[in-house]
Number of protein chains: 2
Amino acid sequence: MTERREAREPDRESEETARQPLTRERILHVGLRLIDQQGLEALTMRKLASELGVDPMALYRHFKNKEALLDGVADMLWGEIVLPGRETDWEALLRSVATSLYALAHAHPRAYTLLLNRQILPLSMLQLSDAMRERLQQEGFERQRAGEVICALFSYAIGYAMVELSTLLPQSPTHTETEPMTDIARLTHLMQRLPRETPAHTVEAAYALTTYEAETQFTFGLDLMLTGLKCKGR
Amino acid sequence: MTERREAREPDRESEETARQPLTRERILHVGLRLIDQQGLEALTMRKLASELGVDPMALYRHFKNKEALLDGVADMLWGEIVLPGRETDWEALLRSVATSLYALAHAHPRAYTLLLNRQILPLSMLQLSDAMRERLQQEGFERQRAGEVICALFSYAIGYAMVELSTLLPQSPTHTETEPMTDIARLTHLMQRLPRETPAHTVEAAYALTTYEAETQFTFGLDLMLTGLKCKGR
DNA sequence: ACCTGAACACCGTTCAAGT
DNA sequence: ACCTGAACACCGTTCAAGT
């Protein structure tokens, strides 16, 4: 996706190309692809190794254990968030980062939970928040206030994305890419995920919950925060 | 194993008391306790069964599989959130629910991620949000607006809690219960969770990030939302 | 010194054999 | 009809035996 090598031959991105030397980056890249395609629980040291055309134990020379490998994937995900150019003011900056974090959930729905599940602080996350803090301070925010704002923004954006994923994610990841589901499809999909004894009243509530335009709703909460911030002053 | 019915013995709340009949509730209860004590990945069908003094396969007559069991635990967690009395106005209501969701993260730090990781819609969550919607509508919110507010609030509260857990959670769960860590303890704990090559500049950023008073910071973001809501009108 | 794959100690779940 | 536990197909990781 991001990496364009301009090779003479069309990359088939299959087991054939897996004959390059084994690097940390390549492992992580294939690992993320595996999660995207088959889900987080399908990422197995053995499966990943065979995908790379390599002995399972070979992975352990690049990562201490599976946890460390997942930490690496999480760091990659954080690394996909980039700041807009220097000319954007603080409000647009916050809006941009929040939107990017939300969009990341659609780019990597099965991997997204790694953003918060890890037991380390991803370096990319620290660098991102530090760069944001610097920009906010330049526009007059106090240091601590800047930190609070960033933390609140991250919490909302990621939290919203995870709520959406946990209530809307189809079992098959195909829908995410294509056009929105029909009402019928949405309802049947919903019914599958409710206990059989759910009262009709609650089914209706659930349907309402999952029917809102997700993007609009995300913006609503984001606007709440930004409005509050402007009311309070920086 | 033979069934022993020693009714005269005082409850020691250990494996002895595990001789009660196996019910869905008891399984879930012990399962949550196991997660609280040993972490989510330590919850094993086999371990849980032995904790209950039961054959592993016995669990499968109450739950289709491990996923269904975890769904049940998630539902229990949602069930711990209760609404305040009818006399509280909408702002206090929202504040109360958000705070409860946040507090739940401290009561069950190792299980908290289940709130959002499940592939079903927990019934308790639907009932909670539906009850909230009703209350908000009674106070003049439009139906859709009420839904948006609830969703935004859930997102922020849970998101904040998960951000806090993922950046602050000590490896040993003891600290959560006791008094706050000292600065030194916090710093060393932080250093353990950063890559060895982290530049000093970023270490400082990370330290700042994890040092804020968590509770105060949570309230800051919550206030942002509520202020925004009041500015915009209901 | 590096690389490998057999082996260990688990896991969720199936299934056949017991009652 | 219910209950049980052996067995299957995995898993992450150790470790000794190869090079």
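Lettering follows sequence order; numbering is per chain, from 1.
- For A:M57, whose side chain is taken as the heavy atoms from C-beta onward, the closest listed nucleotide among D:dT14, C:dT13, C:dC11 is D:dT14.
- Regarding B:L48, its CG atom lies at a distance of 17 Å from the P atom of C:dC10, rounded to whole Å.
- B:E67 has its CD atom 17 Å from the P atom of C:dC11, to the nearest Å.
- Across the strands present, C:dA1 finds its partner in D:dT19; the criterion is a Watson-Crick or G-U wobble pair with both atom distances under 3.5 angstrom.
- Within the 4.0 angstrom heavy-atom criterion, only backbone atoms of the sugar-phosphate kind lie near B:M45; the bases stay farther away.
- Here the P atom of nucleotide D:dC11 and the CD atom of B:E41 are 19 Å apart, to the nearest Å.
- In B:M191, the CE atom is not crowded: 12 or fewer heavy atoms of neighbouring residues, nucleotides or ligands sit closer than 6.0 Å.
- The CG atom of A:D55 sits 9 Å away from the P atom of C:dA6 (whole-angstrom rounding).
- Nearest heavy atoms, B:W78 versus B:S124: CB-CB, 3.6 Å.
- Side-chain proximity of B:R46 to C:dC11, C:dG5, D:dT4: nearest is C:dC11.
- Ion pairing of B:R110 with B:D36 is absent here, as no side-chain N (NZ or NE/NH1/NH2) approaches a carboxylate O to less than 4.0 Å.
- Close to C:dC3, at under 4.0 Å from its OP1 or OP2, lies a side-chain N or O of A:R61.
- The interatomic distance linking A:H62 (NE2) with C:dC3 (P) rounds to 9 Å, in whole Å.
- One can place NZ of B:K47 at 9 Å from P of C:dC10, the figure rounded to the nearest angstrom.
- For the salt bridge (charged side-chain N to carboxylate O under 4.0 Å, His left out) with A:E51, the lone residue among A:R33, A:R26, A:R46 that qualifies is A:R33.
- The partner of C:dC10, taking Watson-Crick or G-U wobble pairs whose two distances both stay under 3.5 Å, does not exist in any strand shown.
- When rounded to the nearest whole Å, the span between CZ of B:F63 and C1' of C:dG12 equals 16 Å.
- Nearest nucleotide to the B:N65 side chain, out of C:dT13, C:dG12, D:dC11: C:dT13.
- No side-chain donor from either of B:Q217 and B:Y160 sits under 3.5 Å from a side-chain acceptor of the other.
- Side-chain proximity of A:K66 to the nucleotides C:dC11, D:dT13, D:dT4 is greatest for D:dT13.
- Rounding to whole angstrom units, CG of residue A:L59 and P of C:dG5 are separated by 14 Å.
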